[in-house]
Every structure is written in structure tokens, then in C-alpha cells.
Asks: 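First, the structure itself, so that you have it in front of you.
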Number of protein chains: 2
Amino acid sequence: MSDYKASLQDMNFVLHEVFNVAGDWATMPELQDMMDADTASAILEEAAKMTEGLIAPNARNADEQGVSYKDTVVTTPDGYKEAFKQLAEGGWVGVTANPEFGGMGLPKVISAQYEEMMCAADISFSLYSGLTAGAIIALDSHASDELKEQYIPRMASGEWTGTMCLTEPHAGTDLGIIRTKADPQADGSFALTGTKIFITGGEHDLTDNIIHLVLAKLPDAPAGSKGISLFLVPKFLVNDDGSLGERNAVAAGSVEHKMGIHGSATCVMNFDGAQGWLVGEPNRGLAAMFTMMNYERLGVGIQGLGAAARSYGIALDYAKDRRQGRGAKATQDPNAAADPLIVHGDIRRMLLTMKSFIEGGRAFSSYVGQQLDRAKYAPEQSEREAADNLVALLTPVAKAFMTDTGLEVTIHGQQILGGHGYVREWGQEQWVRDCRIAQIYEGTNGIQALDLLGRKVAGSRGELLKPLLADIEKTLAEAGDGWQQEATQLRDAATAVQAITAKILGQVGEDENIINSLAVEYLQLIGYVSYAYLWLRMALVAEASDSTDNFYAAKAKTARFYFAKILPRIHGLIGALETGSENLFAHDENDF
Amino acid sequence: MSDYKASLQDMNFVLHEVFNVAGDWATMPELQDMMDADTASAILEEAAKMTEGLIAPNARNADEQGVSYKDTVVTTPDGYKEAFKQLAEGGWVGVTANPEFGGMGLPKVISAQYEEMMCAADISFSLYSGLTAGAIIALDSHASDELKEQYIPRMASGEWTGTMCLTEPHAGTDLGIIRTKADPQADGSFALTGTKIFITGGEHDLTDNIIHLVLAKLPDAPAGSKGISLFLVPKFLVNDDGSLGERNAVAAGSVEHKMGIHGSATCVMNFDGAQGWLVGEPNRGLAAMFTMMNYERLGVGIQGLGAAARSYGIALDYAKDRRQGRGAKATQDPNAAADPLIVHGDIRRMLLTMKSFIEGGRAFSSYVGQQLDRAKYAPEQSEREAADNLVALLTPVAKAFMTDTGLEVTIHGQQILGGHGYVREWGQEQWVRDCRIAQIYEGTNGIQALDLLGRKVAGSRGELLKPLLADIEKTLAEAGDGWQQEATQLRDAATAVQAITAKILGQVGEDENIINSLAVEYLQLIGYVSYAYLWLRMALVAEASDSTDNFYAAKAKTARFYFAKILPRIHGLIGALETGSENLFAHDENDF
């Protein structure tokens with residue numbers, strides 16, 4: 001496998017030239033003393049050094065070796081323990097955690113770049129700290145001060161990790177039917193009993209303690225999703241002086257054997273009267289967990305981006321190095337027996353499809369990250385609310401579209417290597433397998449689509465779409481003569497989004513199945529149009545630059561490619577969206 | 001994993017009701033006494049019993065256990081040896097082989113169904129006999145009578161297997177640069193020296209001998225692909241009395257560790273002066289090998305179909321059984337905590353996408369199979385030539401489009417199972433990994449597209465498209481009132497194909513890169529339109545049927561689904577095809 005090289009130039013371009021995030025920070029009381037463009041670039045440089053040198057080299061072996069399980073003990077692949085120790089020592093586990101509890105408190109738009117690098121280096125490894133970061137946020141938002149003080153500092157420092165325990169054997173997407181019970185104890189704690197499955201990092205040997213956030217039902221809980229509470233259940237109980245006490249009654253029953261992310265311990269967790277503490281209000285656990293889920297969802301989208309970026313690096317090196325056949329226009333290298341693969345149109349088509357999804361995705365995750373920061377730190381409440389609305393709209397798109405395109409990219413990356421992309425030795429097929437899970441977990445991409453079209457778009461009667469459309473309008477107004485063709489394409493696309501949205505909203509009253517029938521294609525439509533918006537925006541910035549660096553000309557060329565070759569896909573989606581739900585519900589169960 | 005059930009009803013529908021293959025056979029001197037509809041159905045029933053009961057049960061273990069290698073010896077997974085013995089005893093290895101040499105000589109349109117079943121049961125296992133069948137055909141077409149008599153009967157009986165040895169470490173797609181040498185010996189044989197990689201079934205423990213067909217260069221060979229010859233190199237030399245003699249100087253150096261098809265031995269083969277015999281003319285080896293490749297290419301397409309069919313079976317069982325959430329329209333089962341997955345629109349969208357690609361693909365492979373039979377057996381030369389032209393056009397589409405859609409189908413099948421689709425235990429993710437190779441080997445799908453658009457369509461100045469368009473016209477003329485919307489869609493699509501083809505042909509003279517830039521999207525366009533043609537044709541047959549069997553109504557409903565939800569994808573392809581090669585060649589190598 002080629003060595004990993006983080007895309008620092010593109011990250012800095014997106015952050016500073018496209019989104020001017022430092023301009024935002026200067027207006028934000030909590031960030032203005034801490035962050036500026038130079039600080040941000042320095043942090044990203046350190047993150048690149050760390051992920052390239054410390055994390056990435058373990059990924060291949062971790063895939064081959066995997067985690068192992070024996071008698072409730074899980075052993076991670078060689079190198080993980082030492083790497084996690086160094087990661088923690090560098091403060092990277094608490095990169096987004098509240099500084100009050102020892103975190104770095106970095107803006108999301110910066111941690112998004114760091115997360116991309118972590119995922120591009122090794123998705124499996126990234127999950128141990130990634131879920132810890134999510135658990136910290138859930139605790140910070142909902143736990144009592146006592147629990148916060150007791151747990152968050154040790155998690156932010158990377159001494160302990162965190163998990164989210166939701167799924168049960170019979171309950172995945174449908175959490176309303178979980179059976180894990182929480183019985184109140186005399187001391188105010190709870191005894192948790194039940195089995196959770198698919199628990200990422202549920203057990204491992206990286207840290208001395210693991211803090212589980214567990215969804216369970218109180219004895220008097222109402223049925224369904226309104227009767228779920230959230231509990232903190234540590235692997236080892238913590239004494240008042242902070243030292244570790246007794247082992248709690250929670251243990252891994254096994255680890256799953258999976259298609260990919262072999263270095264990540266996916267555990268069956270058995271709770272046998274384990275002691276836990278309520279986080280937030282009784283029966284409000286799903287809402288509390290969603291604080292974490294929403295954070296994770298952008299993070300999962302970024303897994304798709306990271307896998308894509310790494311696959312591209314490998315494919316590009318191969319395409320420049322491997323010689324097969326001759327260029328159609330002219331022989332490139334008459335002294336060699338064949339020309340490098342990159343002379344061939346179809347290789348270029350695949351590379352540019354990859355590149356346009358990766359750079360478009362990097363801009364998209366940064367766009368969402370900037371809105372998350374504004375929602376949290378903007379000085380005016382109106383700004384915070386506006387950003388929060390955009391986040392609500394774009395989070396499901398980020399999770400699903402970045403992972404759908406991530407899979408497409410890794411498949412192209414594999415195809416470019418031909419047979420060598422199918423054998424494990426080259427390390428390229430791993431990215432297909434590792435990326436694939438990101439479309440499934442943390443709410444399948446189908447569920448993300450329902451959230452987008454049902455809860456967000458239909459739920460707001462289309463209002464939530466308006467800020468995105470307004471941002472598109474702003475960029476269209478800035479497009480000069482050289483970009484009128486692309487601007488017209490984008491304008492038509494935005495008009496089509498409005499038309500199809502209005503049509504669907506008009507059908508909601510009479511067709512209960514319209515949302516669940518059209519959601520996925522609708523989400524993809526929004527994804528392609530959002531990327532087109534960001535590509536035009538990037539192209540205009542690149543063109544306006546004084547720099548003679550090749551990077552800027554290439555950016556504009558890739559934008560043209562995206563509009564010419566990728567954006568037309570929306571016509572297929574629009575065609576499918578026009579035809580409603582009828583053709584999905586005409587079949588009886590026996591007709592399948 | 002659910003048990004495999006072959007789709008016999010649909011196969012019989014396609015063969016007899018859609019294509020009336022028995023009507024063809026009645027006119028063909030070599031088939032008329034041997035084949036009729038009842039015989040065909042009886043053969044397929046036997047094939048179903050055999051693949052369901054003997055082959056499919058080994059697939060899961062074969063994936064986990066894989067092949068193992070030690071000191072040039074390859075051991076196949078448990079059960080393979082016994083299954084291969086029974087397969088051979090049943091005559092299935094020689095299913096397509098010339099009866100003169102002990103084969104069954106079945107028409108291709110029947111063996112295509114058998115191959116689907118073999119692949120749906122276990123792709124890895126199917127390769128050992130599949131490559132043998134291909135090798136037999138290459139020998140039958142090009143070898144001397146002596147070689148034929150010596151080798152084919154033992155291969156057709158399944159006593160020995162065959163391989164094709166093309167790829168070398170530096171030469172995959174570009175076979176013109178191979179380095180394996182064949183030195184003439186005094187006795188008329190040749191001594192072969194070189195290294196071949198990615199050799200399927202290059203070594204194994206299923207049979208006593210393995211017959212390698214090897215591409216190599218004679219000492220005086222011209223450079224490039226016009227200097228390649230084909231040789232037969234047995235693992236064990238064969239004595240005049242047919243008994244096995246000395247071990248030849250060919251041995252496996254290792255086996256590859258791959259993303260999937262773990263039960264298939266993919267070998268590095270070292271030839272160290274191995275004794276071989278020329279097959280066909282000197283320096284005409286590539287043409288001889290293509291006889292085998294063309295046969296294999298439909299077979300590889302069918303691998304995509306088989307994987308898709310199996311994945312669908314598993315996903316459908318799961319969707320009916322697994323309960324998550326409630327139907328949007330109404331609760332389906334108030335006595336249970338949740339409704340089965342199949343009530344949800346997005347699950348139906350995925351199932352029907354799968355179903356429409358599988359049944360469309362089965363019709364497509366049968367369509368190509370029927371043409372292959374006509375090309376070989378039709379009484380009139382004009383019929384044979386017409387069929388041969390259609391085969392030339394459709395073979396690359398069959399290989400690439402059936403495997404591209406195969407991958408899409410297996411990914412949907414995995415998604416329907418959610419997290420359970422990602423863990424190995426359920427056996428569903430295996431089909432994604434096993435299917436993936438079919439887009440890569442036997443000429444990557446990009447190479448198939450070049451063959452279609454470059455050699456076939458542009459090479460004939462569009463003439464080769466005409467028979468397909470004429471077949472479409474014929475079906476359009478038969479469409480009654482109830483199918484006018486779909487007929488219009490198909491007519492417009494066919495018109496668009498003609499327009500874009502004319503545009504591309506017009507660009508060929510001035511743009512050397514137009515073919516290699518647009519080939520893949522062009523192939524996909526032809527694929528979607530061909531499936532649309534077959535869906536309309538099937539729908540008309542189903543509607544005209546007197547049968548009250550649910551199958552016929554379901555067929556018509558799935559046709560409507562295909563036109564409503566899948567065919568619109570061509571608009572995205574057409575959009576991309578309109579924009580030519582410019583956006584692929586604007587990037588310098590350093591711009592990537």
C-alpha cells in the first residue's frame with residue numbers, strides 16, 4: 001500500500017479560502033483568543049504527521065490480524081495499544097471535548113479535517129477515539145455535574161474510552177422495542193440487565209476502563225421509543241478518589257467476524273445486573289443519545305470521505321506507475337514497452353470521479369462543520385438558529401451521501417488496480433470493505449433519507465431547504481462569464497429540487513408511503529446538488545486566486561468535470577422521483 | 001444463510017414463453033433429435049437438485065476455510081473434492097462439450113441457466129468446471145486432432161480440469177508485452193519458461209491432472225499482440241496409452257489472498273522449461289484464446305447474475321422474517337411488536353431493484369445464449385451470421401453490465417440485512433466480495449466497454465447496433481394500449497442511443513480519445529436499454545398468458561417498476577455522453 005499523505009493543501013484551501021473560517025472565529029467569543037488561521041494550519045500539520053506516521057502504518061496488519069477474543073478478553077491488533085497511548089498523550093482523544101474538562105475544544109470544522117485523516121489512516125483504529133468523543137458530548141450535554149466531573153476528564157485525556165450501546169439482537173433500527181432493563185437501586189443507581197450487540201469498542205485492551213452509554217427501560221417505562229432511558233455503565237466502578245474499584249457486571253460475550261474494520265472490536269455485551277447511573281431525564285434517553293448520534297453522523301460521513309481519500313492516493317500512485325497499453329492519441333513513452341495507465345480515458349474518468357467526490361465531500365463536511373460551529377459559537381441567536389437549521393438539513397445528507405460516494409470511490413480505486421485491486425497484498429480492497437459499514441451503522445442510509453425527506457423537509461413543509469437554496473443563489477450571483485454553463489446547470493438543478501419537493505409535499509396527505517418510497521433518491525438528489533453548489537463555489541474562488549500554483553487551475557478543471565460528467569446523474573433521480581410510490585407497493589408479498 | 005432455491009419457474013418462462021427456444025431447436029439439425037422443451041426442463045430440474053443439494057451447502061465453509069498452499073501443493077476447502085467427483089460423474093463438467101468427445105453438447109441457452117445455478121450456489125466452486133469448459137472449447141476449435149483426442153475426453157468427463165494462463169506480473173490487460181517463452185524442441189514440442197499470475201485453478205487437489213492453456217512467445221515472434229502463441233501444458237505428461245507419466249516442469253509458486261472467492265485457487269504458476277504443445281497457428285494464440293475468452297465472458301456475466309440471485313434469496317427471506325418498525329400506511333401485525341421489513345418502501349425499492357436486474361439479467365443472458373446457439377446451429381448461413389453479429393455486440397455488455405448490476409444487487413442485498421449483512425455469520429456479505437471479481441477479470445469492464453464502443457460499434461460504423469434496434473422495434477410494435485407509456489420510454493431511449501451513437505461516430509475522426517473517454521457510460525446505456533427491451537417483451541408475454549399463476553401478474557408489475565424507477569438512469573448517462581472527452585484530458589498528470 002502507498003504511504004498515506006494527508007491533503008493539507010486542499011484542507012487549507014477549503015477552510016480559509018472557501019469558507020474563511022478564521023473570519024467566523026474572530027466574531028466568536030469562545031474561539032477568538034484560541035483559533036486563527038495559522039493555529040489551525042499548525043494543528044492540521046501535527047495531525048497529518050501523527051496520522052501518517054503513527055496510525056496509517058498499522059492499518060494493513062490490523063486488517064489481517066484483526067481483534068481476538070478469549071474468555072471475555074479482547075486483544076487489539078499489534079501496535080494499537082502503543083498508538084492509542086501516543087494519541088492520548090498528544091491530546092487527540094479530547095480534540096472536541098470541553099476545555100473545562102481538559103479537552104482541546106477545537107471547532108468542528110477543524111476536527112472534521114482531523115477525523116478525515118484518522119479515517120484515511122485506519123478507520124478501525126479511529127473508532128476507539130471517535131466513539132469516546134461522541135460519548136463525551138452526550139455526557140457533557142445531559143449528565144449530572146457529578147458524573148461529568150467523574151468521567152469526562154479521564155475520557156478526554158484518553159485514559160478511558162466510551163461506547164454507545166443501543167442495538168439488541170431483535171432491535172436495530174427500531175429501538176422502541178429494546179428489552180434491556182434498568183432496575184432502580186436503593187442508592188439511586190440502577191442495575192442493568194440485557195444483551196447488546198454490535199457494540200464498537202465494547203471491550204479492548206487499549207485503556208484501563210471503558211465507559212458504556214446504554215439505552216434501557218425503567219420498570220414503569222411507557223412502550224416504544226418514549227420509554228427509553230440512558231445510563232452510564234463503567235466496566236470498572238470508580239471509587240470516590242478516582243481509583244478503579246470492582247469490576248462491574250458487564251462483559252463481552254464474543255466479537256463479530258465482519259466483512260471489514262477487522263481492527264475494530266465489535267462486541268456482544270452482556271449486562272448482568274451491572275451498576276449504572278441515569279444520564280439526563282428518565283424516558284428521555286433517545287433524545288440524549290441523539291446528541292451523540294448527530295455528532296457521530298457527520299463523523300460517519302467522514303469515514304466515507306477518509307476511505308475515499310486513501311483509496312485515491314493508492315490508485316493515483318498505481319495509475320502513474322503501472323504501464324499497460326498505449327495512449328490513444330500518442331505514445332507517451334516510446335522507450336518503454338507501454339504507457340502509464342493514466343493516459344487512458346477510462347482511468348482518468350475513474351480518477352476524476354474519485355477526485356470530484358473527495359474534494360466535493362471535503363468541502364461538504366467543512367460546510368456542515370462550519371454550520372455546527374456557528375450553531376454553537378455564533379454571537380447572535382439568529383445566526384445560531386439559522387446554522388442549526390442548516391445542520392438539521394445537512395446532517396443526514398453528510399452521513400449517507402458521503403458514505404455512498406465513499407463506496408463508489410473505493411470501488412473505482414479498486415478497479416484501477418485491476419486484479420491487483422482484488423488481492424489483499426496491495427491493501428486497496430481493504431478500503432472497500434472498511435468503507436461499506438459506514439452506509440449501515442449509526443442509522444442506515446435509508447434511515448438518514450427518511451430523516452431528511454420526512455422529518456426535515458416534509459416536517460418543515462420545505463422551510464428547511466430554503467437556507468441551502470439561498471446559499472446556492474448567492475454563489476450563482478457571483479459566477480462570471482466563464483462559468484455560465486455550470487451556473488445554468490446548477491440553477492436548473494435547484495429549480496428541479498424545488499419542483500420535486502413541492503410535488504412530494506403535495507402527495508404527503510393522500511399517500512402515506514410517498515416519503516418512505518422516495519426518500520433515498522431524494523437524499524441523493526440533494527447530495528449531488530449540494531456538491532455542485534460547492535464545486536461552483538470552489539471554482540470561483542480558485543479562479544479568483546492570484547496564485548500560480550497548479551492546484552488552482554486543477555481545482556477549476558475538476559469543477560468542470562463534475563458538472564460535465566457527474567451532475568447529469570440527477571436526471572435519473574428526478575425521473576425516479578416523478579413516479580411516486582405506486583410501483584413499490586403494487587407487489588404483494590408473494591409477488592417478490 | 002438461507003438455503004439456495006433455483007429460479008426454475010422464471011427460467012422456464014424465459015426459455016419457452018419468451019424466447020421459444022424449442023422452436024429454434026426444431027429447425028436445427030444437430031439439436032432437433034436431442035432437445036425439446038420437456039428435456040430442457042428435466043435437465044434444469046436435475047441441475048437445480050444438484051446445485052441446491054450438493055454445491056450450495058459448501059459455500060459458507062469454503063469462504064471461511066479458503067484454499068491452502070504448501071510446497072507447491074494446493075488443498076481445496078472441505079467438501080470440494082467429493083462434490084467435484086459427483087459433478088463429474090453426473091456429466092456436468094462436459095455440459096457444453098462436443099458429444100464427439102463425450103460431452104453433453106447442450107445448447108448455450110440451457111447451459112446458461114445451469115451456470116447461473118452453479119454461480120448462485122458457489123462461485124468459487126463453479127470456476128473449476130467453468131474454466132475447464134472454456135479450455136475444452138478452445139482446444140476443440142484450434143488444437144490438432146491428436147491433442148483433441150488425447151485431452152478433451154478426459155476434461156469433458158471431469159477427470160482433468162483446464163486453466164487459462166494469460167496474465168504475468170507486468171502484463172494484465174496488455175498481453176502484447178508478455179515474456180513467457182516457448183522454445184522449440186527436436187520432437188516438435190516446446191519448452192515453456194516464465195511466470196504467470198492470477199491463474200484460476202492453476203493447482204488444486206480435485207483431479208489427477210490439470211491442463212494449462214498458456215500464452216507464450218516463440219523465439220522469432222514479432223513484438224506485441226501479433227507475436228503470441230497458445231500452448232497446451234499438462235501438469236502431468238500423458239503417456240501414449242493415456243496413463244499419467246512424469247510430472248511436467250510447471251508448479252504453483254503460491255496462492256493469492258483475495259477479497260473473495262476464497263474457495264477458488266488463484267495461483268502463481270512457474271513454468272521452468274515445461275513441455276507443451278502448440279495449439280493452432282504460431283503467433284495466432286491471442287485469437288485462439290479469444291475463442292475461450294468469448295465463451296468465458298458470457299459466463300463471467302452470469303457470475304454477476306448468480307451472485308445477485310443468491311443475495312436476493314437471502315434478502316427476501318430476511319425482509320419477510322425480520323420485524324422492525326411499523327408500516328407507514330397501516331400496522332401490518334398488531335399482535336407483534338413490529339411489522340416485517342417488507343412493509344417499508346425503501347426495503348421494497350431495494351428488493352425490486354434487485355429483482356428487476358436479476359430477471360432482466362436472466363432474460364439477457366438467455367437472449368445472448370439463444371443467439372450463440374443460432375450462430376452455431378441455425379440451418380441457414382444468413383441466420384448464423386445475423387446471430388453472430390448480435391453476439392459480437394452483446395457479449396461485452398453481458399460481461400460488464402451483468403456484473404455491474406450484480407454488484408449493485410449484492411450491495412442492496414447486504415443493506416437490507418443492516419448490520420447482519422456486514423457480519424460474516426449471515427453469509428450475505430460473501431456475495432458482495434465474490435461478485436466483485438467478476439467486474440475485473442476476463443477483461444475488466446472498462447475493456448469490455450472499449451470492445452463494445454470501439455471495436456464493435458465504431459468499428460462497424462454503427463451497423464452492429466441495427467439488429468438490436470430492429471428487435472426493439474419488433475417488440476414496440478406488439479405493445480398494446482396498457483403498455484404505451486413504457487413503449488414510449490423505450491422508443492425514446494432507442495432514439496437517444498441512435499443519436500448519441502451518431503454523435504460519437506462523428507467525433508471519432510477528430511478526437512482520438514472519444515472512444516476511451518465515453519466507452520463505459522455507453523456500455524451502461526446499452527445495458528439499461530437492452531434490459532428495458534427485454535422487460536417490455538416479458539411483460540407482453542406475461543400479460544398475454546392465460547395462466548392465473550401469480551407469477552405472471554408479478555412479472556408485469558416488475559416491468560412497470562423497471563420503467564418507472566430504473567430506466568430513467570439513462571438520462572444521467574446521456575448527459576455524461578454528450579460532453580465528450582475534453583473534461584477527462586484537461587488535467588495534466590500533476591493536476592490529479
Side-chain angles (χ1 to χ4, degrees), chain A residues 167 172-174 177 198 256-259 316 320 324-325 328-329 337-338 342 344-346 348-349 351-352 355 415 418-419 422-424 429 436-437 439-441 444 446 512-513 516-517 519-520 550 554 557 560-561 564-565 568-569 571-572 575-576 579 581 583-584 586-587 589-592, chain B residues 167 172-174 177 198 256-259 316 320 324-325 328-329 337-338 342 344-346 348-349 351-352 355 415 418-419 422-424 429 436-437 439-441 444 446 512-513 516-517 519-520 550 554 557 560-561 564-565 568-569 571-572 575-576 579 581 583-584 586-587 589-592:
Chain A
T167 304
T173 294
D174 188 353
I177 57 177
F198 299 159
E256 302 289 350
H257 300 278
K258 309 181 298 289
M259 184 188 196
L316 181 58
K320 289 181 174 178
Q324 294 288 282
K329 191 158 187 175
I342 203 166
H344 301 298
D346 189 53
R348 289 174 159 257
R349 180 189 65 84
L351 285 172
L352 290 172
K355 186 176 170 72
Q415 192 76 17
Y422 194 71
V423 298
R424 298 173 67 113
E429 57 84 43
R436 181 67 183 93
I437 185 61
Q439 300 175 289
I440 297 170
Y441 62 16
T444 65
E512 297 87 342
N513 283 314
N516 72 67
S517 296
V520 165
N550 215 30
K557 291 175 193 174
R560 302 240 190 247
F561 170 85
K565 298 294 185 188
R569 295 186 189 179
H571 300 301
T579 52
S581 73
N583 293 296
L584 298 177
H587 288 71
E589 202 174 297
N590 293 329
D591 289 341
F592 281 90
Chain B
T167 304
T173 294
D174 188 355
I177 57 177
F198 300 160
E256 302 289 349
H257 300 279
K258 310 182 296 290
M259 184 188 195
L316 181 58
K320 288 181 175 179
Q324 295 287 283
K329 191 159 187 174
I342 203 167
H344 301 297
D346 189 53
R348 290 173 158 258
R349 179 187 65 84
L351 285 172
L352 289 171
K355 186 176 170 71
Q415 193 76 16
Y422 194 71
V423 298
R424 298 172 69 113
E429 57 84 43
R436 181 68 183 93
I437 186 60
Q439 299 174 289
I440 297 171
Y441 62 15
T444 65
E512 297 88 341
N513 283 313
N516 72 68
S517 295
V520 165
N550 214 29
K557 291 176 194 173
R560 301 239 191 248
F561 169 86
K565 298 295 186 189
R569 294 185 190 180
H571 301 301
T579 52
S581 73
N583 292 295
L584 298 177
H587 288 70
E589 202 174 296
N590 293 327
D591 289 342
F592 281 89

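Every chain is numbered from 1, with letters handed out A, B, ... down the list of sequences. Please read all numbers here as calculations on a predicted model, not as lab measurements.
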Asks: Taking all atoms of both residues into account, what is the closest heavy-atom pair of Asn583(A) and Ala564(B), and its distance?
Replies: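 Smallest heavy-atom distance, with atoms named: ND2-CB, 3.1 Å.
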Asks: Quick one: of Leu351(A), Val520(A), Leu316(A), Asn590(A), who has the most non-hydrogen atom pairs under 4.5 Å with chain B?
Replies: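 Looking at each of Leu351(A), Val520(A), Leu316(A), Asn590(A) in turn, Val520(A) comes out on top.
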Asks: Ala338(A) and Ile177(B): which non-hydrogen atoms are nearest, and at how many Å?
Replies: CB-CD1, 4.3 Å
Asks: Can you tell which part of Ala519(B) gets under 4.5 Å to a heavy atom of chain A, answering side chain, backbone, both or neither?
Replies: neither
Asks: Which heavy atom in Arg348(B) sits nearest to a heavy atom in Leu584(A), and how many Å separate them?
Replies: NH1-O, 2.8 Å
Asks: Please find the pair of heavy atoms, one from Glu512(A) and one from Ala328(B), that lie closest to each other, and give the distance.
Replies: O-CB, 3.4 Å
Asks: Is it the backbone or the side chain of Ile437(B) that comes under 4.5 Å from a heavy atom of chain A, or both, or neither?
Replies: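 It is both, since atoms from each part get that close.
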Asks: Could you have a look at His571(A), His257(A), Arg569(A), Arg560(A) and say which one has the most heavy-atom pairs with chain B under 4.5 angstrom?
Replies: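 The candidate making the most pairs under 4.5 Å is His257(A).
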Asks: So which residue, Lys258(A), His344(A), Lys355(A), ends up with the most heavy-atom pairs under 4.5 Å with chain B?
Replies: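 Top option by heavy-atom pairs under 4.5 Å: Lys258(A).
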Asks: What are the two closest non-hydrogen atoms of Gln415(B) and Gln439(A), and how far apart are they?
Replies: NE2-O, 2.9 Å
Asks: Looking at Lys320(B), His587(B), Lys565(B), which one has more heavy-atom pairs under 4.5 Å with chain A than the rest?
Replies: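 Looking at each option in turn, the highest pair count goes to His587(B).
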Asks: Determine the minimum heavy-atom distance between Gly446(B) and Asp346(A), stating which atoms define it.
Replies: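 Shortest heavy-atom contact: CA-OD2, 3.8 Å.
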Asks: At a heavy-atom separation under 4.5 Å, does Phe198(B) approach chain A through its side chain, its backbone, both, or neither?
Replies: side chain
Asks: Side chain from CB out, backbone as N, CA, C, O: work out which of these in Ile440(A) comes under 4.5 Å of a heavy atom of chain B, or both, or neither.
Replies: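 Both parts, backbone and side chain.
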